[in-house]
A.B. asks: 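Dumping the structure here so I can ask a few things about it.
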Amino acid sequence: MIALVDCNNFYASCEQLFRPALQGRPVVVLSNNDGCVVARSAEAKALGIGMAAPWHTLKALARRHGVVALSSNYALYGDLSARIMRVLAGFSPCQEVYSIDECFLELEDGRRQAAATARQLRAEVRRLVGLPVSVGLGTTKTLAKLANNCAKKCPEFAGVCSFGELSSATVEALLAATPAGGVWGVGERLARQLAALGIHSALELQRADPDRLRQRFSVTLARTVRELNGEVCLGPLAAAVSRRQLLSSRSFGELIDDPEPLAEAVVAYATRAAEKLRRQALLAGAVGVFLRTNPFRADLPQYQPSLILPLSPTDDTRLLCQTALVGLRRIYRPGYAYQKAGVLLTELTPTARRQGELFADPAAQARSQALMTAVDRLNAHMGRGTVRLLAEGADPRRMMRAAHRSPRYTTRLDEVPVVRSD
DNA sequence: TCTGGGGTCCTAGGACCC
DNA sequence: TCTGGGGTCCTAGGACCC
């Protein structure tokens, strides 16, 4: 049996955990730059606030209903996620962490036993971390995801829905009540095209002919249909398959057209990306850099250039930054108001499998490694950016808006909440 | 005024090879 | 008038996910 465990309204629940006064109130968490809504408490959903809705279109509604809007606090969410994943790992030897707030678990036991385990792990996460999760159980990942949706939507399941425990008539009714677009792998576009073929519900999709959909759409949709019928198509649960690419990008606080702050931004993002790279013990064999103007500004000329440059596989911040800057110089054109820049590392290989090179200088490589290790240690102990390239700059125009960030309760000593006993 | 960031996979089409 | 067939690799773009 495959279980999909998913935190309810994850970011919003994290905020409520440390500010109990927010419980029962409409709470939304905003994306970087305070741009879009990325998480909503149940009360905020009930107000009709949509996922990814631009915050600036909601301000009037929010004022009327006393919606609390918070900037995202990834230090907090990342730490609580790690705690939950550790608790869940104790319930199965086979865990696939799928995103910050959900993971698949293989529960080997029979159907009844699996459902009992699911109820137990749900209670344990609640007890040890304090956050609510929902569990869906099915024979394929797609069915487990679907069961998880049902667990969230129908209160009578009390957070755990196991298709194996239900009668086939009940499962059919649940599938009939789920729109096709609610199935994992069917997005907005596909849902529209399926509706034109008379396929509106998950049940109708389950009964569709996969070969016909394969011809008309893609192999991905055919797999989804087979998975809905209990045929495993989506690879076994795997512990963190190795990354193919690694991206660091940000929108700016305001539009920028000068080359200097753009270069500083690219150095900053390449530095972040290099840190992630070393943390995962990987080398990059190519550096991509891209720029973007604001696509919502129809009144401004648009330009979205990108370029990928190869280099000898490395995890040295200096080399990655230099290469990214070479790319930036080649794609930059004056006269555009840029809204976003990013650095993409690809051609990733494990550091342990570094290829020897004919003209490599082993002494330089050893120095590079020692330097990067020292920089990472200093920054880990004394705070990010304690040691950094001067070229990173700190132009305030680049910095994101984050007007309502909560404290990093669990990862910064000076922000740990203090309970007074008086 | 204000519209996220980080990923994966698939497909079509072009370049290139023999 | 007539301009091959078969294969691989790469890239861009689209769709999807959270």
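Worth knowing before you read on, the calculation uses all heavy atoms, side chains too, and leaves out hydrogens, waters and symmetry mates. Here is how names work: the chains are called A, B, and so on, in the same order as the sequence lines, proteins then strands, and each is numbered from 1. This is a predicted model, so every value here is computed, not measured.
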A.B. asks: Any side-chain N or O of A:Lys145 below 4.0 angstrom from OP1/OP2 of C:dC18?
C.D. replies: yes
A.B. asks: Once you apply the 3.5 Å cut-off to both distances, tell me the Watson-Crick or G-U wobble partner of B:dC18, or none.
C.D. replies: C:dG5
A.B. asks: Relative to the 5' end of DNA chain B, which residue comes earlier, A:Val38 or A:Gln280, by the nucleotide with the nearest heavy atom?
C.D. replies: A:Val38
A.B. asks: Return no unless some side-chain N or O of A:Arg297 is found under 4.0 Å from OP1 or OP2 of B:dC2.
C.D. replies: yes
A.B. asks: Can you identify which nucleotide, out of B:dT3, B:dG7, B:dG6, has its nearest atom closest to the A:Arg250 side chain?
C.D. replies: B:dG6
A.B. asks: Are any of A:Ser31's side-chain N or O atoms less than 4.0 Å away from OP1 or OP2 of B:dT3?
C.D. replies: no
A.B. asks: Using only side-chain N and O atoms of A:Lys340, determine if any of them is under 4.0 Å from OP1 or OP2 of B:dT3.
C.D. replies: no
A.B. asks: Is A:Leu246 touching bases, backbone alone, or none of the nucleic acid, heavy atoms closer than 4.0 Å?
C.D. replies: sugar-phosphate
A.B. asks: Which part of the nucleic acid, if any, lies within reach of A:Phe10 when heavy atoms closer than 4.0 Å are counted: base, sugar-phosphate only, or nothing?
C.D. replies: nothing
A.B. asks: Kindly say if A:Arg189 contacts the phosphate of C:dA15, meaning a side-chain N or O under 4.0 Å from OP1 or OP2.
C.D. replies: yes
A.B. asks: Does A:Arg214 have a side-chain nitrogen or oxygen under 4.0 Å from the phosphate oxygens OP1 or OP2 of B:dC10?
C.D. replies: no
A.B. asks: Go through it in stages, so that I can follow the logic: the residues are A:Glu172 and A:Leu203, the test is side-chain contact (heavy atoms from CB on, under 4.5 Å), and I'd like the CA-CA distance, side-chain angles, deciding distance and then a yes or no.
C.D. replies: CA-CA 7 Å; A:Glu172 256 180 38; A:Leu203 185 64; 3.7 Å; yes
A.B. asks: Give the minimum heavy-atom separation between A:Leu319 and A:Thr314, together with the two atoms involved.
C.D. replies: CD1-OG1, 3.6 Å
A.B. asks: Without decimals, in angstroms, what is the distance between A:Glu188 CD and C:dG14 C1'?
C.D. replies: 14 Å
A.B. asks: Test salt bridge (Lys or Arg N to Asp or Glu O under 4.0 Å) on A:Glu96 and A:Lys141; report intermediate values, then the result.
C.D. replies: CA-CA 11 Å; A:Glu96 179 179 323; A:Lys141 287 182 181 177; 3.1 Å; yes
A.B. asks: Do A:Gln16 and A:Tyr11 have side-chain heavy atoms sitting under 4.5 Å apart?
C.D. replies: no
A.B. asks: Looking for any heavy atom pair under 4.0 Å, which part of the strands does A:Asn33 touch: base, sugar-phosphate only, or nothing?
C.D. replies: nothing
A.B. asks: Rounded to whole angstrom units, what separation is found between the CD atom of A:Glu347 and the P atom of C:dT11?
C.D. replies: 8 Å
A.B. asks: Provide, to the nearest angstrom, the distance between the NZ atom belonging to A:Lys59 and the P atom belonging to B:dC2.
C.D. replies: 11 Å
A.B. asks: How would you label the contact of A:Trp184 with the nucleic acid (heavy atoms, under 4.0 Å): base, sugar-phosphate, or nothing?
C.D. replies: sugar-phosphate
A.B. asks: Using OP1 and OP2 only, check whether a side-chain N or O of A:Lys276 sits under 4.0 Å from B:dG6.
C.D. replies: yes
A.B. asks: Assess the residue pair A:Glu275 and A:Arg272 against the criterion (salt bridge (Lys or Arg N to Asp or Glu O under 4.0 Å)); give the C-alpha distance rounded to whole Å, side-chain angles, the decisive distance to 0.1 Å, and a yes or no.
C.D. replies: CA-CA 5 Å; A:Glu275 286 165 1; A:Arg272 288 296 94 70; 3.3 Å; yes
A.B. asks: The side chain of A:Ser249 is closest to which nucleotide in this list: B:dG4, B:dG6, C:dC17?
C.D. replies: B:dG6
A.B. asks: Identify whether any heavy atom of A:Arg223 sits under 4.0 Å from a base atom; if not, whether one sits that close to sugar-phosphate; answer base, sugar-phosphate or nothing.
C.D. replies: sugar-phosphate
A.B. asks: Select base, sugar-phosphate, or nothing to describe what A:Asp101 touches, counting heavy atoms under 4.0 Å on all strands.
C.D. replies: sugar-phosphate
A.B. asks: Specify the separation, in whole Å, of atom OH of A:Tyr74 and atom P of B:dG7.
C.D. replies: 13 Å
A.B. asks: NA contact type, A:Ser72, heavy-atom cut-off 4.0 Å: base, sugar-phosphate, or nothing?
C.D. replies: nothing
A.B. asks: Does A:Leu190 reach a base, just sugar-phosphate, or nothing at all? Heavy atoms under 4.0 Å.
C.D. replies: sugar-phosphate
A.B. asks: Return the nearest nucleotide to the side chain of A:Gln245; candidates are B:dG5, B:dC2, B:dT8.
C.D. replies: B:dT8
A.B. asks: Hey, does A:Val27 have a side-chain heavy atom less than 4.5 Å from the side chain of A:Arg40?
C.D. replies: no
A.B. asks: Whole angstrom is fine here: how far is it from CG in A:Leu146 over to P in C:dC17?
C.D. replies: 13 Å
A.B. asks: Counting side-chain heavy atoms from C-beta on, which of B:dT8, B:dC2, C:dC17 comes nearest to A:Tyr98?
C.D. replies: C:dC17
A.B. asks: Under 4.0 angstrom, heavy atoms only, what part of the nucleic acid is A:Val183 near: base, sugar-phosphate, or nothing?
C.D. replies: sugar-phosphate
A.B. asks: Give a yes-or-no answer on whether the side chains of A:Ser406 and A:Asn73 include a donor-acceptor pair shorter than 3.5 Å.
C.D. replies: yes
A.B. asks: If I pick the C1' atom on B:dC16 and the same atom on C:dG4, what distance separates them, to the nearest angstrom?
C.D. replies: 16 Å
A.B. asks: A:Asn9 has an atom CG; how far is it from atom P of C:dC18, in whole Å?
C.D. replies: 14 Å
A.B. asks: Hey, which of these two, A:Val219 or A:Thr57, hits DNA chain B nearer its 5' end, going by closest nucleotide?
C.D. replies: A:Thr57
A.B. asks: Please give, in whole Å, the distance from C:dG13 P to A:Phe290 CZ?
C.D. replies: 14 Å
A.B. asks: Using whole Å, what does the distance between atom P of nucleotide C:dC18 and atom CG of A:Asp6 come to?
C.D. replies: 8 Å
A.B. asks: Would A:Arg278 and A:Thr317 count as having a side-chain donor-acceptor pair, cut-off 3.5 Å?
C.D. replies: yes
A.B. asks: Between A:Arg401 and B:dT1, does any side-chain N or O lie under 4.0 Å from OP1 or OP2?
C.D. replies: no
A.B. asks: Please pick, from C:dC18, B:dG6, B:dT3, the nucleotide with the shortest atom-to-atom distance to any side-chain atom of A:Ser99.
C.D. replies: C:dC18
